[in-house]
Each structure stands twice: as structure tokens, then as C-alpha cells.
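Here's the structure we're looking at; comments come further down.
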There are 2 protein chains.
Amino acid sequence: MSPKPKSRRVLPEPPLTEEQQETWLAYMRVKLRLNYEMNRQLQTDSGLSLADYDVLNALADCPGGRMQVGVLAARIAWERSRLSHHLQRMTARGLVERSPSEQDGRATDAVLTAAGRAELDAATPGHAALVARMFFAGLDPALLPALRTALEQVHEQVLAEGTLPRPVSQHRLPGLYPGS
Amino acid sequence: MSPKPKSRRVLPEPPLTEEQQETWLAYMRVKLRLNYEMNRQLQTDSGLSLADYDVLNALADCPGGRMQVGVLAARIAWERSRLSHHLQRMTARGLVERSPSEQDGRATDAVLTAAGRAELDAATPGHAALVARMFFAGLDPALLPALRTALEQVHEQVLAEGTLPRPVSQHRLPGLYPGS
DNA sequence: TCGGCTTAGGTGACATGTCACGTAACTTCC
DNA sequence: GGAAGTTACGTGACATGTCACCTAAGCCGA
């Protein structure tokens, strides 16, 4: 099964150095535990899941609390069908609404309702407190800038290499609020 | 709605500094996208989900590929019932087996099968390559040590503050293999 | 050795996520 | 202006995760 002599070496060499492996393991461990804790805290304190929070948060971060469904999906790195189902459930709970897009007849906008914003606002302090306590409280402040830069570099890399479309920066621009 | 004068100040102060917020946002963005990409890559290239991979990986990292179910759950930060269901499915696929624990009559061990180990081995290079490409390729090597230390500090903090039991270090100790 | 307490895991009903596919609105090019 | 290709979302079937609760084994003091 190896009649292809050396057209391109198989490269069984480990693609990660020792230190990279350790870093990756630490990342995964943090991710797993933090996910668990965030979910739990949000659920018990606010009746929101982390998924709900991601959606509400992304919407709230947008002028008018309104975003096209596909754009929102790209922003939070969800499958579009997942978002579609989830919006259905959140609509039933009164947290968001759907309304046909003005720009594109095919598209739908997800819109934050007043109730949705209220729930988000109610949930945010507890969530932020958890982040402060779980993530930053044990972190040497001297490492913060490096951590930030590193994460931003990784983010950029994932965007560049990833299969998912780069999120549209339908973002709030400082001092530029197009209004409703 | 503010008839409770100042029994305890409401503390609307933001618990996070500007730089902490940015760091947190970067972390969340990385987490969302990387999760998406890892899932996708594993699924299409190996027919394993990221969840499968987490389980197999944890087991393989243990002498004999055998671990008590609850210990495994703590290790990968899953609800125990989730793991129970998942093991059932993985058992049906022949990736793992269950066998009653020798030490504790109540407990069950999850055991990696030969097929499970083979699948894991087959999936690992692709997964590692993805990590190398998405996570490390864009990272300034000078930042690596700081990133690692920061993540390890955060991990320690989550363990200390979290609600989940600290994972038992039923880990492979260098030079100390109790054997099967 | 009996009864209550705790801890192990499992289970069934239901919430959530994924995949494959469907329909409709654009876009293009003739 | 209309067929072909693309893009936007929705949907139904099924895979996965969560919650509340169950049974059994170990534990412990009366």
C-alpha cells in the first residue's frame, strides 16, 4: 500500500511541540469547565441557557437589536438551521421576534423584544460576576495584555483558516447610530 | 421601585475593566469558532463528534484505557447522566465497553475497546493538524509561554471556584504504570 | 442488623442540535 | 423576460443533552 515512494513524505512528525500541547490541553480544560459553570449559573439564576445568552447578547450589541438571521448565525458561529430552531423557541418565549428584512425579500431579521432585553439585562450582572470570579480573579494581571493579544491572534487565525464566513461587522460604530 | 434605600448598595459598577472585557470577548469568539471548526473537521474526516473525541481521549490517557464513569465525567466536565447516555451510544457503536468496577460494587468502569482506540488513533493526526493550523499558526511564539501560564492560572481558578468536583488524578504518572 | 443517609449509575420525558432537503427570492446572461 | 444557478431560511427526522427521579450498594450509628 506504499507504492507511492516519496512523492510527498508522510510526515508522521508531531505537529505540535511539547509546550503547544500543554497549552492546548490547558485551553481545552478551561473551555470544558467554564462552559459547564456558565451554563449552570445562567440557568439557575436567570432561566437562560448559554445559547440563549449568546443570541440575546449578539442582538443587543447591534443597533435596534435587529440582525439578519444569517449574519447572526455567522457572528455566533452556529449552523443556520440551529439558529432557526432556536429562534423559533425564543420567539415562543417572547424573547425575540422575526420580521421580514427590508433589504432582501428572502431574508428575515431577528429582533430583540423589550422582554428579551429585560431578561438579558437581568442576567448580565450575574454572568459578568461569574466571569470575573472564574476567569480573571486567579489571573496574574501582568499576563492580561499578553493573553488578550494571543487570543486576538488566534481569533484572527480561525477567521482566516476557518470554513465559516467572516462575520459581517454590522456592528455599532462609535458615534454612529443609524437609528431604528 | 427603589424604596430599599441603601441597605446594601446595588453596585452597578462594572466588575470587569475595559481590557478584561476585550479579553473575554476574544476568548468567547475563539471558543465559538474553534468549537465549530473542530466539530466539523472531526465529523467529516473521522465520523466522530467532538464529544466522542473527548471521551475517547480521556480514556486513552488512562492506564488500561479504563476509568470509573463518575471520574471520567468530572474529568471532562460533563453531567453524569449525559455521559451515561453517551456511553450507551458509544457502546452500541463498539467504541467502549462497560464493566463493573472491582473496587466499588456501585460503580461502573468505562473501558476503551480496541476499535475505539483505533478510531481515536485514526482521528488524532487530523485533529492535531487542525489545532496547529487554527490555533498556533497565527500565534506569535513569543506569546506562547504567557498564554500557557495564563490558561493554567484560569484553569486552577475554575477548579477552585467551580461547583464541579476536582478531577481525580487517576492519571498516568511518569514511570509508574500499574498495568492493566 | 436494622434503618436512615449518602453516593454510584441508569432511565424516561422532554429540550436542544444536526443533517438533508425543500421553497422562495435574488442574479445573470441570453 | 425567463431558465439556470445561487442564496436565504425553514422543516422534519433523528442524534444528543438535561432534568427529575429511580434503584442498588456502601456507610454508620443505635
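All values below were derived from every heavy atom in this structure, side-chain atoms included, with hydrogens, water molecules and symmetry-related copies excluded. Quick caveat, the model's predicted, so the values are computed rather than measured. In the text below, chain A, chain B and the rest are named by the order of the sequence lines, each starting its count at 1.
Nearest-nucleotide assignment on DNA chain D puts the 5′-proximal partner with A:A107, out of B:R93 and A:A107. Looking at which nucleotide of DNA chain D each of A:T108 and A:H85 is closest to, the 5′-most match is held by A:T108. Comparing A:Q103 and A:R82 by the nucleotide of DNA chain C that holds the closest heavy atom to each, the one mapping nearer the 5' end is A:R82. Comparing A:R106 and A:S49, the nucleotide of DNA chain C nearest to each residue sits closer to the 5' end for A:S49.
OP1 or OP2 of C:dG10 sits under 4.0 Å from a side-chain N or O of B:R98. Put simply, A:R89 has no side-chain N or O that comes within less than 4.0 Å of OP1 or OP2 on C:dA15. In this model, the phosphate group of C:dG9 is not approached by any side-chain N or O of B:Q88 to a distance below 4.0 Å at OP1 or OP2.
As a whole-Å value, the separation of B:L83 CG from D:dA15 C1' is 17 Å. A straight line from NE2 of A:H86 to C1' of C:dA15 spans 10 Å, rounded to a whole angstrom. Protein atom CG of B:L42 is 15 Å distant from nucleotide atom C1' of C:dT18, rounded to whole Å. Atom-to-atom, CD of A:E79 to P of C:dA20 comes out at 10 Å; the value is rounded to the nearest Å. With rounding to whole Å, A:I76 atom CD1 is found 13 Å from C:dG17 atom C1'. A straight line from CD of B:Q68 to C1' of D:dG26 spans 13 Å, rounded to a whole angstrom. The CG atom of A:L87 sits 7 Å away from the P atom of D:dG10 (whole-angstrom rounding). Rounded to an integer number of Å, the gap from B:L48 CG to C:dT18 P is 16 Å.
To the nearest 0.5 Å, atom CZ of residue B:F135 and atom CE of residue A:M28 are 10.5 Å apart.
The pair A:D52-A:R89 fails the salt-bridge criterion, with no side-chain N (NZ, NE, NH1 or NH2) lying under 4.0 Å from an Asp/Glu carboxylate O. Remark: B:E152 engages B:R148 in a salt bridge, criterion side-chain N to carboxylate O under 4.0 Å. Using a cutoff of 4.0 Å between basic side-chain nitrogens and carboxylate oxygens, A:E79 and B:R40 are scored as salt-bridged.
For A:S81, taking side-chain heavy atoms from C-beta onward, the closest of the listed nucleotides C:dT11, C:dT18, C:dA8 is C:dT18. Distances were taken from every side-chain heavy atom of A:D104 (C-beta onward) to each of C:dC26, D:dT16, C:dT11; the shortest belongs to C:dC26. Ranking C:dG17, D:dC19, D:dG17 by closeness to the B:A51 side chain, first place goes to D:dG17.
The aromatic rings of B:W78 and B:H86 lie perpendicular to each other, with more than 60° between the two planes, well past the 30° mark.
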